[in-house]
Amino acid sequence: MSVAVVLLAAALVVIVALLSASAMAKLARMDGASYPTALKQAGAAFTAAITLAAAVTAALAAVCT
């Protein structure tokens, strides 16, 4: 049961990261950025979201053990 919860949580984190990346790309394009610049900013947003999720997970793991 706990493995399923972990997998669902991981899927949720990836979905949220993808949504934030796509929103960042859309906002960059609306601001007049070129496609490569918008993709670069979307990649940075995706990386930041995944890194934040990993940091929160590590902090919670340290507190819970």
Side-chain angles (χ1 to χ4, degrees):
M1 178 83 164
S2 65
V3 174
V5 172
V6 169
L7 288 176
L8 285 174
L12 181 65
V13 165
V14 170
I15 288 171
V16 169
L18 287 171
L19 285 173
S20 68
S22 64
M24 185 64 191
K26 178 65 177 173
L27 289 173
R29 283 296 296 155
M30 288 174 61
D31 196 36
S34 64
Y35 282 109
T37 303
L39 286 175
K40 187 186 302 182
Q41 290 179 359
F46 181 79
T47 304
I50 295 293
T51 303
L52 180 62
V56 168
T57 303
L60 286 175
V63 169
C64 291
T65 59

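- Two different hydrophobic clusters hold Met24 and Leu39 under the rule that ILVMFWY side chains link at heavy-atom gaps under 4.5 Å.
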With a 3.5 Å cut-off and sequence neighbours excluded, list the donor-acceptor pairs that the side chains of residues 45-56 form with protein atoms.
{"residue": "Thr47", "atom": "OG1", "partner": "Gly43", "partner atom": "O", "Å": "2.8"}
{"residue": "Thr51", "atom": "OG1", "partner": "Thr47", "partner atom": "O", "Å": "2.7"}

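- Hydrophobic side-chain contacts under 4.5 Å tie Leu19 into a cluster, directly or through other members, with Ile15.
- The side-chain contact (heavy atoms from CB on, under 4.5 Å) check on Ala25 picks up Ala42, with sequence neighbours excluded.
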Show which side-chain atoms of residues 28-38 pair as donor or acceptor with protein atoms under 3.5 Å away, not counting sequence neighbours.
{"residue": "Arg29", "atom": "NH1", "partner": "Ala33", "partner atom": "O", "Å": "2.5"}
{"residue": "Ser34", "atom": "OG", "partner": "Thr37", "partner atom": "OG1", "Å": "3.1"}

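- Between Ser20 and Ala17, the closest heavy-atom pair is OG-O, 2.8 Å.
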